[in-house]
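Can you keep this structure in mind? I'll have questions shortly.
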Amino acid sequence: MQKPSIYYGLFFLFIILCSSCEDIIDCIINRYPVLIEKNLKVGTVDEYYSDFILAEVKNDSDDDSYSYYFSLLGDLPNGIQWSEDDRKLILEGIPTEKGRFYFTVELFVDGRYYDGNSDNMRDPLCDDEASRSYVLIINWHIVLVV
């Protein structure tokens with residue numbers, strides 16, 4: 001029964017030799033940012049449109065303690081703008097063209113903070129970036145003539 005004690009010894013040695021054991025514990029918890037998958041609302045030309053894409057940090061109940069930064073790659077219809085509001089990327093405006101608009105949202109999350117026991121910045125995230133592709137559909141306004 002010496003094999004288990006060898007593994008415990010190697011694990012203990014690994015923990016001692018690591019430069020930042022807190023980072024290892026953080027990655028065992030596996031905190032990472034995600035963009036929530038969703039189908040965006042279908043919009044109509046010349047009618048006000050509003051929807052949002054939500055970001056969160058998986059495996060952390062305190063999502064709001066992080067800083068979220070978004071970028072959008074691809075096309076939005078003329079008349080639709082995007083903005084940020086905490087954990088939301090907001091799409092809104094009055095679209096002036098119809099079609100399917102494909103874009104990718106990139107997310108960067110900053111969770112760094114000062115550890116009270118040192119002068120070092122700590123980052124509890126294993127990864128601080130995420131991206132997801134979306135489609136925004138804008139249809140013509142249908143007028144029924146009777």
| message | Would Ile138 and Val45 count as a side chain to side chain contact (heavy atoms under 4.5 Å, CB included) here? Give the steps. | response | CA-CA 6 Å; Ile138 303 294; Val45 171; 3.7 Å; yes
| task | To the nearest 0.5 Å, tell me how far Lys41 NZ sits from Leu136 CG. | result | 11.0 Å
| request: For Asp64, check salt bridge (charged side-chain N to carboxylate O under 4.0 Å, His left out) against everything at least two apart and list the hits. | output: Arg87
| said: Please give me the minimum heavy-atom distance between Leu107 and Ala55, naming the atom from each residue. | reply: CD2-CB, 3.6 Å
| Can you hop from Ile90 to Ile36 via hydrophobic side chains spaced under 4.5 Å? | yes
| query | When you check the side-chain N and O atoms of Ser71 and Glu106, is any donor under 3.5 Å from an acceptor? | reply | yes
| request: Walk me through it: do Val135 and Phe101 pass the test side chain to side chain contact (heavy atoms under 4.5 Å, CB included)? | output: CA-CA 6 Å; Val135 179; Phe101 300 88; over 6 Å; no
| query | Between Thr104 and Ser131, do the side chains contain an N or O donor and an N or O acceptor separated by less than 3.5 Å? | reply | no
| field | Cluster check Ile137, Leu89: I/L/V/M/F/W/Y, side chain < 4.5 angstrom | value | no
| Should Val42 and Tyr102 be regarded as members of a common hydrophobic cluster, given that ILVMFWY residues are connected when their side-chain heavy atoms come within less than 4.5 Å of each other, either directly or indirectly? | yes
| query | Of the non-hydrogen atoms in Gln81 and Leu76, which two are nearest, and what is the gap between them? | reply | C-CD1, 4.5 Å
| Measuring from Ser50:OG to Ile94:CD1, what's the distance to the nearest 0.5 Å? | 11.5 Å
| remark: Nearest heavy-atom approach of Pro33 to Ala130 is O-CB, 3.4 Å
| query | Could you state the interatomic distance from CZ (Phe103) to CG (Leu73), rounded to the nearest 0.5 Å? | reply | 10.5 Å
| task | Please say whether the positively charged group of Lys38, taken as NZ for Lys or CZ for Arg, lies over the ring of Phe52, i.e. under 6.0 angstrom from the six-membered ring centre and within 45 degrees of the axis. | result | yes
| request: State whether a side-chain donor-acceptor pair under 3.5 Å links Glu92 with Tyr48. | output: yes
| task | State whether the side chain of Asp51 and the backbone N or O of Leu91 hold a donor-acceptor pair below 3.5 Å, judged by distance alone. | result | no
| query | Out of Asp86, Asp110, Val57, Leu35, which residue meets the side chain to side chain contact (heavy atoms under 4.5 Å, CB included) rule with Tyr68? | reply | Val57
| said: Quick check: closest heavy atoms across Pro95 and Glu47, and the distance to 0.1 Å? | reply: CD-O, 3.2 Å
| query | What do the steps show when you test Ile53 against Leu40 for side chain to side chain contact (heavy atoms under 4.5 Å, CB included), and what is the final call? | reply | CA-CA 8 Å; Ile53 296 167; Leu40 296 171; 4.0 Å; yes
| said: Is there a side chain to side chain contact (heavy atoms under 4.5 Å, CB included) between Phe70 and Trp82? Walk through the geometry before answering. | reply: CA-CA 10 Å; Phe70 297 90; Trp82 68 274; 4.0 Å; yes
| Taking a hydrophobic cluster as the set of Ile, Leu, Val, Met, Phe, Trp and Tyr residues connected by side-chain heavy atoms closer than 4.5 Å, whether directly or through intermediates, do Leu54 and Val34 fall within one such cluster? | yes
